[in-house]
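Just so we're on the same page: letters track the sequence lines, and every chain starts at 1.
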Amino acid sequence: MATVGRCAMKNYSTDFPKLGKVATIQLMHFEYDPSSVEAKWQERWNEAHVYEVDLQKAKKPYFTHVMFPYPSGDKLHIGHWFNYSPADTFARFKRMQGYDVFSPIGFDAFGLPAENYAIKTGVPPQQSIPENVRTMITQLKRIGCMYDWNRMVNTSHPEYYKWTQWLFIQMFKNGLAYKKKASVNFCPNCQTVLANEQVKEGCCERCGTPVIQKMMEQWFWKITQYADRLLQGLDQLDWPEKTKTMQRNWIGRKEGIDITYAIEGTKESVTCFTTRPDTNFGVTFIVLAPEHPFVKKILIGELKSDHKKEIAAYVSASLKKTELERQEEGMSKTGVCTGFYAVNNLNNTKIPVWVSDYVLAGFGTGAVVGVPGHDLRDFQFAQKFKLPVVRVVVTSDGDTSAIEREVQVQEESGTMINSGFLDGLDIHEATEKIMDHLEEKGWGKRIVTYRLRDWSIGRQRYWGAPIPIIYDPEGKPHAVPEKNLPWLLPQDVEFKPKGTAPLAQSKELFARTEKIFGKGWTPEVDTMDTFVCSSFYSFMYLGATNERGEYREPDVTKNVLVDPVLEKKWMPVAMYIGGAEHACMHLIYARFVTMALKDFGFVSHEEPFKKLVHQGVITNKGAKMSKSKGNVVSPDAFIERHGSDVFRMYLMFMGPFTDGGDWSDTGIKGISRFIQRVYKLIQPLGESDKMNNKSVQEDVSVKRALHKTIKQVTESLETLHFNTGISGLMELLNVLEKAEYVSVETAQTFTKLLAPFAPHLAEELWEILNNVSFRAQSRSDTSSDFIINKPWPSFDPSLLVTDTMTIVIQVNGKVRGDVQVASDASKEEIIASAKQNENVMKYIQNGIKKEIYVPGKLVSFVI
RNA sequence: GCCGCUGUGGUGAAACGGUAAACACGGAGGACUUAAAAUCCUCUGCCCGUUACAGGGCUUCCCAGUUCAAGUCUGGGCAGCGGCACCA
């Protein structure tokens, strides 16, 4: 129809509608044109700085943000929208509830995704990243989120990364950063070391290449020192249980004992870690990891072994295997005998010492006792190499070993046999008793182990914050003095990875180091893992001052990472929203760094995120959307056609926020219709003088429906059930459309309820309704202020009570009818009238055994 | 293998232990239109029954249990998803 866009062209001025328009308006078919209206309000919000918060003056601080994106070359995809728009709806709701909501956004601009994009396009990251950031800012602004753009952060900006470097220096000074030669995960494709957390199923988290183990001199941060605190802190957090469990499992605290065995005919001993010392009488062999020091001594000839050749071949072969190959070998065990024997002091038996790569160098002591009677892996090893199997536990069903059924069962209960002084004891009692015994004799020592490894933070890549370390001519590391920060990322390097750290090629970096520190001094050439940059960015938001990524406190020598007053006031983040995939990466690093910063005295809180929510994943035909699969759905076409409001509402309406779901655009029409219908209902109110007609009264049922909706939408938003919130608004719209008369007050309240979901349309309608109110001189909300600054409506509980109510009648649990009664009817009256129901009477003829009345709900007869 | 989550119409989904399927999509029929789109109205879980109304039976992955009453609580299966995994 020709009127498309017509409404969009008028009404933007605050001029009153001309008289005489009323009659024609009712005949016209109005359509809402989102593209111009959304642009208009985005501009006005921007001009009025509505979403900027005065952090000092704010009275009811509410700090919320989403996990910031990395600026790769791709545009914002559905996943971003599914994360950001519901988060924004929640932030708007909180703001209307009267909180000073601080909702910033930034860019995780260092690291592999950004750098890989640069490598692919051949454009250096220092050039392409700012471009991508600019594009993404434009796109983010089109969503219409209430971001405080004055406090944007960008981790690749020197103003930011000097604080990343400052953080490293604090870690170094406090003994939490150290360099050591260790077997580390290495991705041959990305040409860099990876942290344990960044290896998924033996492959690189970023590119999927099988990861290999490499001995390298690397920088680590001592996250293991915080293992127990990271574990305990979880109990206080309002986080999804699933995420807390994942962190608990990742930390993997285990209590056990280190038992030391003398090796016959040598002065050597081997220490094995076990959590099941109760089965120690069943030990028939010992297995060492190929990297174990005892094995090394054999290889260098310090210990004489007849099997040296086989051992050497085995060790070199297994060191070449990738993580994936080790895993794929699965159940088939390999290994070689060393020819040495250990002595089990408990029963004075001689047990052979073997080498096998099913024992991991990095866990426990890198040596285990083989208990083939009660451990599947040991059993398989024993079978393969014809080693004896001894059973020492009888389970309750009389089975001496689960192994007999070819399944590994970690007995939860059972009784000891074949175990000397432990015989007859329950396995738990036996565990305690033998640990006491071993400690008394000096053969063992109770110990707690963790699965958690120290965080390997060095990367042999270009696009990251340089590690602020310099080496003196003796090779001893020193921190770059704070006054020399930012320790700039050199520009004179080829950024494409070649297996060595790109910074090592920088003449400028080496010259700079010698110039400042003297001849013979050299710089560290690794850069930091991007997860270091993102481990403290919430604090950085509080110190950011503008959209260019500059900060309030540029001087790192003052050690003020964040203004302590602001930090106390705003942290921890009240609501943090982002993907569950960060459960054991970013979310554990950020907690560790916050704890360390607290211990160093720079911040007052120990946990960064008080409440955490994960949005679900949007898939396409069941598969995760990814560029490589070519199944990424772009939001652009939908926004072009329906506008941001409709698109974000559709994403919220699709299903529960935390569930995600499979993408399909079949329902977006429903939301688009809803938006049009809302406009069609409310827009004419702004043009007519209908509301001045005092002879027409709004029906009480309309008020009642309105208040029911206020309650429903408020509760839905509080619990992030956006889908049911929207359906509540739809139900109300259905009522309003059928009503003969809708008051301006009702329309205003409806618009407020709509505001967090469809902010642009709500502002538009608010403006329209305010013009009317102003003319009518009858409203208090007459200012031309934004709807986002208006208070969230509250409901009147008395309006939720109706005069009559429907009581359902059940007989033996089956519904047999219902009855209308007055709201204030007594139990007796209600039961009496229930018995009068014609259909019910058929069933209760033979007498009633029991009568149950659930107030306001139902009557249940048992016959 | 271990840990966690999920399972409801043709579809996305609702449902303080209390009328299962709200809201929406899709579908069918109708109105308007030269026509299409858009819009509006009616119907829409399955089966029996009736000209029509009434009625009745069945139904939330499967099997038990608790309860006047179970999608919801308990136990045991099955299926799917996610995390961890040769971790001693």
S.K.: Taking the P atom in each of B/rG83 and B/rG10, what is the distance between them to the nearest angstrom?
M.R.: 31 Å

S.K.: Provide the Watson-Crick or G-U wobble partner of B/rA79, both distances under 3.5 Å; none if there is no partner.
M.R.: B/rU6

S.K.: On a whole-Å scale, what distance lies between the P atoms belonging to B/rC5 and B/rG12?
M.R.: 23 Å

S.K.: For A/Asn723, which contact category applies under a 4.0 Å heavy-atom criterion: base, sugar-phosphate, or nothing?
M.R.: sugar-phosphate

S.K.: Which is true for A/Arg816 with a 4.0 Å heavy-atom rule: it touches a base, it touches only sugar-phosphate, or it touches nothing?
M.R.: sugar-phosphate

S.K.: Salt-bridge test for A/Asp662 and A/Lys621: reply yes if a basic N is under 4.0 Å from a carboxylate O, no otherwise.
M.R.: no

S.K.: Count the heavy atoms belonging to other residues, nucleotides or ligands that lie under 6.0 Å from NZ of A/Lys384, then report whether that count exceeds 12.
M.R.: yes

S.K.: May I have the distance from A/Lys244 (atom NZ) to B/rC5 (atom P), rounded to whole angstrom?
M.R.: 13 Å

S.K.: I need the CG-P distance between A/Asn734 and B/rC41, as an integer number of Å.
M.R.: 9 Å

S.K.: In whole angstrom, give the distance that lies between atom CE of A/Met652 and atom P of B/rA24.
M.R.: 17 Å

S.K.: Identify whether NZ of Lys or CZ of Arg in A/Arg451 sits under 6.0 Å from the centre of the six-membered ring of A/Trp250 and within 45° of that ring's axis.
M.R.: yes

S.K.: Which base sits across from B/rG18 as a Watson-Crick or G-U pair, both distances under 3.5 Å?
M.R.: B/rC68

S.K.: Give a yes or no on whether the ring-centroid distance for A/Phe294 and A/Trp354 is below 6.0 angstrom.
M.R.: no

S.K.: Taking the side chain of A/Arg673 as its heavy atoms from C-beta onward, which of B/rG56, B/rA14, B/rU39 lies nearest to it?
M.R.: B/rU39

S.K.: If you only use heavy atoms from C-beta on, which nucleotide in B/rC68, B/rG55, B/rA14 is closest to the side chain of A/Val862?
M.R.: B/rC68

S.K.: Main chain of A/Pro756, side chain of A/Thr89: is a donor-acceptor contact present, judged purely on distance under 3.5 Å?
M.R.: yes

S.K.: Tell me whether the OP1 or OP2 atom of B/rG55 has a side-chain N or O from A/Lys814 closer than 4.0 Å.
M.R.: no

S.K.: Which whole-number value in Å describes the distance from A/Glu715 CD to B/rA15 C1'?
M.R.: 14 Å

S.K.: For atom P, what is the distance between B/rA70 and B/rC62, given to the nearest Å?
M.R.: 15 Å

S.K.: Separation of A/Leu651 atom CG from B/rA24 atom P, in whole Å?
M.R.: 19 Å

S.K.: Could you work out the separation of B/rC73 and B/rC81 based on their C1' atoms and round it to a whole Å?
M.R.: 25 Å

S.K.: Over all strands shown, is A/Phe381 touching base, sugar-phosphate only, or nothing at heavy-atom distances under 4.0 angstrom?
M.R.: nothing

S.K.: Can you tell me whether the base of B/rG9 sits syn or anti, using the 90° cut around 0 to define syn?
M.R.: syn

S.K.: Strictly below 4.0 Å, N to O, side chains only: are A/Asp235 and A/Arg248 in salt-bridge contact?
M.R.: yes

S.K.: May I ask you to check whether A/Trp443 and A/Tyr261 place their ring centres under 6.0 Å from each other?
M.R.: no

S.K.: Using the ring of each side chain (for Trp, its six-membered ring), is A/Phe273 parallel, tilted or perpendicular to A/Phe363, with breaks at 30° and 60°?
M.R.: perpendicular

S.K.: Under 3.5 Å, is there any donor-acceptor pair linking the side chain of A/Lys849 to the base of B/rC68?
M.R.: no

S.K.: Starting at atom CE of A/Met649, determine the distance to atom C1' of B/rA13, rounded to an integer number of angstrom.
M.R.: 16 Å

S.K.: Rounding to the closest angstrom, what is the interatomic distance between B/rU72 and B/rG7 at atom C1'?
M.R.: 14 Å

S.K.: Using a cut-off of 4.0 Å on non-hydrogen atoms, how would the nucleic acid contact of A/Tyr843 be classed: base, sugar-phosphate, or nothing?
M.R.: sugar-phosphate

S.K.: Taking B/rC16 as the reference, what is the distance to B/rA20 when you measure between their C1' atoms (whole Å, please)?
M.R.: 16 Å

S.K.: For the residue pair A/Phe381 and A/Phe385, categorise the inter-ring angle as parallel (less than 30°), tilted (30 to 60°) or perpendicular (more than 60°).
M.R.: tilted

S.K.: Given the P atoms of B/rC53 and B/rC61, what is the spacing between them in whole Å?
M.R.: 32 Å

S.K.: Can you identify which nucleotide, out of B/rC25, B/rG57, B/rC40, has its nearest atom closest to the A/Arg677 side chain?
M.R.: B/rC40

S.K.: List, with names and distances, any nitrogen or oxygen atoms from the protein found under 3.5 Å away from nitrogen or oxygen atoms belonging to nucleotides 81-84 of chain B.
M.R.:
unit_1, atom_1, unit_2, atom_2, d
B/rC84, OP1, A/Lys200, NZ, 3.3
B/rC84, O3', A/Arg451, NH1, 3.2

S.K.: Can you tell which of B/rC68, B/rA15, B/rC23 lies closest to the side chain of A/Lys850?
M.R.: B/rC68

S.K.: Less than 4.0 angstrom from a charged side-chain N to a carboxylate O is my criterion; do A/Glu255 and A/Arg446 meet it?
M.R.: no

S.K.: For the side chain of A/Asn839 and the backbone of A/Gly817, is there at least one donor-acceptor N/O pair under 3.5 Å apart?
M.R.: no

S.K.: B/rC84 pairs with which nucleotide, Watson-Crick or G-U wobble, both distances below 3.5 Å?
M.R.: B/rG1

S.K.: Heavy atoms only, 4.0 Å cut-off, all strands: where does A/Val369 land among base, sugar-phosphate and nothing?
M.R.: nothing

S.K.: Expressed in whole Å, how much space separates the P atoms belonging to B/rG26 and B/rU11?
M.R.: 15 Å

S.K.: Could you tell me the separation between the CD atom of A/Glu851 and the P atom of B/rA69, rounded to a whole number of Å?
M.R.: 16 Å

S.K.: Report, one pair per line, the protein and nucleotides 18-20 of chain B atoms (nitrogen or oxygen only) whose separation is under 3.5 Å.
M.R.:
unit_1, atom_1, unit_2, atom_2, d
B/rG18, N2, A/Gln810, OE1, 3.0

S.K.: Watson-Crick or G-U wobble partner for B/rG26, using a 3.5 Å limit on both distances?
M.R.: B/rU44

S.K.: To the nearest Å, give me how far apart CD (A/Glu731) and C1' (B/rA14) are.
M.R.: 9 Å

S.K.: For the side chain of A/Ser727 and the backbone of A/Thr724, is there at least one donor-acceptor N/O pair under 3.5 Å apart?
M.R.: yes

S.K.: Is the positively charged end of A/Lys827 above the ring of A/Tyr853, judged by distance under 6.0 angstrom from the centroid and angle within 45° of the axis?
M.R.: no

S.K.: With a 3.5 angstrom cut-off on both distances, give the Watson-Crick or G-U wobble partner of B/rA52, or none if there isn't one.
M.R.: none

S.K.: Here's a test of your reading of the structure: between A/Tyr358 and A/Pro656, which maps to the more 5' nucleotide of RNA chain B?
M.R.: A/Pro656

S.K.: In Watson-Crick or G-U wobble terms, both distances under 3.5 Å, what is the partner of B/rA35?
M.R.: none

